Amino acid sequence: MTATYVRACALTELEEDAPKRVELDGVPVALVRTEGEVFAVSDICSHANVSLSEGEVEDCQIECWLHGSSFDLRTGKPSGLPATRPVPVYPVKIEGDDVLVSVTQES
């Protein structure tokens, strides 16, 4: 399987610890620049249909603003209730000033 990467935004558009919502191929994605890396996770909380990009980022976790569940930006796993299911995590590449994300897998 080969990942297909699409440009999500410019690296300079991402502020440290400030999530940015983008839509790639119809998929809502929360981009986060933290601890010297860029992460991409589903922008929809697995517990409620809420945008994660409106939440806070701390210690490589993004917190859902509505019920307080946090998700690891590296794995998508929730660190506390009420969420019990992980959110999808997408591969990220940086090329120059472009942030590229793969939300699709091609066989």
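Fair warning: this is a prediction, and the values are worked out from it, not measured in the lab. Values reported hereafter were calculated over all heavy atoms of this structure, with side chains retained and with hydrogens, waters and symmetry mates removed.
Closest approach of Cys60 and Glu35 over heavy atoms only: N-OE2, 3.5 Å. The shortest non-hydrogen separation linking Ser69 to Ala83 is OG-N, 2.9 Å. Summarising the geometry of Glu16 relative to Gly36, their closest heavy-atom pair is OE2-N, 4.3 Å, with the distance given to 0.1 Å. Contact between Ser102 and Tyr5 at its shortest, heavy atoms only, is N-CD2, 3.6 Å. Here the closest heavy-atom approach between residue Trp65 and residue Val50 is recorded as NE1-CG1, 3.1 Å. For Val99 against Ala10, the heavy-atom pair with the smallest separation is CG2-C, 4.1 Å.
Remark: Glu15 CD is loosely packed, at most 12 non-hydrogen atoms of other residues, nucleotides or ligands lying under 6.0 Å away.
A 4.5 Å side-chain heavy-atom check between Pro78 and Ser70 finds every atom pair outside the cut-off.
For the atom pair CG (Leu100) and OG1 (Thr4), the distance works out to 11.5 Å, reported to the nearest 0.5 Å. Here CZ of Phe71 is found 4.0 Å from SG of Cys45. Values are rounded to the nearest 0.5 Å. The CG atom of Leu81 sits 9.0 Å away from atom NE2 of His47, with the distance rounded to the nearest 0.5 Å. Expressed to the nearest 0.5 Å, how far CD of Gln61 lies from OG of Ser79 amounts to 4.0 Å. In this structure, Ser46 OG and Lys77 NZ are separated by 13.0 Å, a value rounded to the nearest 0.5 Å. For the atom pair OG of Ser51 and CD1 of Ile44, the computed distance is 6.0 Å after rounding to the nearest 0.5 Å.
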Chi angles and distances behind the side chain to side chain contact (heavy atoms under 4.5 Å, CB included) call for Val32, Val41: CA-CA 8 Å; Val32 179; Val41 298; 5.7 Å; no
Applying side chain to side chain contact (heavy atoms under 4.5 Å, CB included), run through Thr75 and Val89 and close with a yes or a no.
CA-CA 6 Å; Thr75 65; Val89 175; 5.5 Å; no
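The stretch residues 92-101 participates, sequence neighbours left out, in these side-chain hydrogen bond (donor to acceptor under 3.5 Å, both in side chains) pairs: Arg7-Asp98, Thr12-Asp97. Applying the salt bridge (Lys or Arg N to Asp or Glu O under 4.0 Å) test to every pair with at least one member in residues 48-67, sequence neighbours left out, gives no pairs at all.
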Listed pairs under 3.5 Å, donor-acceptor, residues 20-29 side chains, sequence neighbours left out:
unit_1: Lys20; atom_1: NZ; unit_2: Glu13; atom_2: OE1; d: 3.4
unit_1: Arg21; atom_1: NH1; unit_2: Asp43; atom_2: OD2; d: 2.5

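Cluster annotation: Leu52 and Val103 are assigned to distinct hydrophobic clusters (Ile/Leu/Val/Met/Phe/Trp/Tyr, side-chain heavy-atom contacts under 4.5 Å, transitive). No path of Ile, Leu, Val, Met, Phe, Trp and Tyr side chains, each step under 4.5 Å between heavy atoms, connects Ile62 with Leu31, placing them in separate hydrophobic clusters. Hydrophobic clustering (ILVMFWY, side-chain heavy atoms < 4.5 Å, transitive): Val101 and Phe39 are in distinct clusters. Hydrophobic clustering (ILVMFWY, side-chain heavy atoms < 4.5 Å, transitive): Leu14 and Tyr90 are in one cluster.
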